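All of these numbers come straight from a predicted model, not from anything done at the bench.
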Amino acid sequence: MASYVSPEIRDRFDTLSADLKNLILERNVCLNNMYDLIHVLEDIVAEGEAE
């Protein structure tokens, strides 16, 4: 499955750094709304804290 970013949140997604966008897209996620994006970002933070 390839990652999907809804047009509804594309403008917010595009404000992220290129590295962060790539990290999100590598996760093969479906981002339909801001809650989906926030959830993925929280997962990335939690994984970074666990290292």
Side-chain angles (χ1 to χ4, degrees):
M1 171 177 101
S3 288
Y4 169 77
V5 179
S6 168
E8 177 183 324
I9 63 165
R10 174 57 76 171
D11 59 334
R12 299 281 176 100
F13 181 79
D14 287 341
T15 64
L16 301 173
S17 71
D19 289 338
L20 186 53
K21 286 191 285 191
N22 289 332
L23 189 59
I24 293 168
L25 294 174
E26 288 172 0
R27 294 172 171 263
N28 297 323
V29 293
C30 185
L31 303 175
N32 291 310
N33 53 49
M34 285 301 295
Y35 297 109
D36 294 340
L37 179 57
I38 290 168
H39 180 73
V40 172
L41 293 171
E42 288 174 339
D43 288 347
I44 291 170
V45 169
E47 290 170 9
E49 290 175 347
E51 292 180 358

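Two residues are said to be in side-chain contact when any heavy atoms from C-beta on lie closer than 4.5 Å; Y4 and D36 fail this criterion. You'll find the side chain of L37 reaches within 4.5 Å of the side chain of M34, heavy atoms only.
By the criterion of side-chain heavy atoms lying less than 4.5 angstrom apart, applied directly or through intervening Ile, Leu, Val, Met, Phe, Trp or Tyr residues, V5 is grouped together with L16 in one hydrophobic cluster. Clustering ILVMFWY residues whenever any of their side-chain heavy atoms sit less than 4.5 angstrom apart, transitively, puts V29 in the very cluster that holds L23.
Contact record, A2 with N28: CA-OD1, 4.1 Å, taken as the closest heavy-atom pair.
Rounded to the nearest 0.5 angstrom, I9 CD1 and D14 CG are separated by 10.0 Å.
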(request) Take E8 and N32 through the test side-chain contact (heavy atoms from CB on, under 4.5 Å) and record every step on the way to the result. (result) CA-CA 7 Å; E8 177 183 324; N32 291 310; over 6 Å; no
(message) Before you tell me yes or no, could you show the steps for I44 and L20 under side-chain contact (heavy atoms from CB on, under 4.5 Å), namely the whole-Å CA-CA distance, both residues' side-chain angles and the distance that decides it to 0.1 Å?
(response) CA-CA 9 Å; I44 291 170; L20 186 53; 4.2 Å; yes
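S6 places no side-chain N or O within donor-acceptor distance of the main-chain N or O of L31, the cut-off being under 3.5 Å.
Other residues, nucleotides and ligands contribute more than 12 heavy atoms inside 6.0 Å of the CZ atom of R27.
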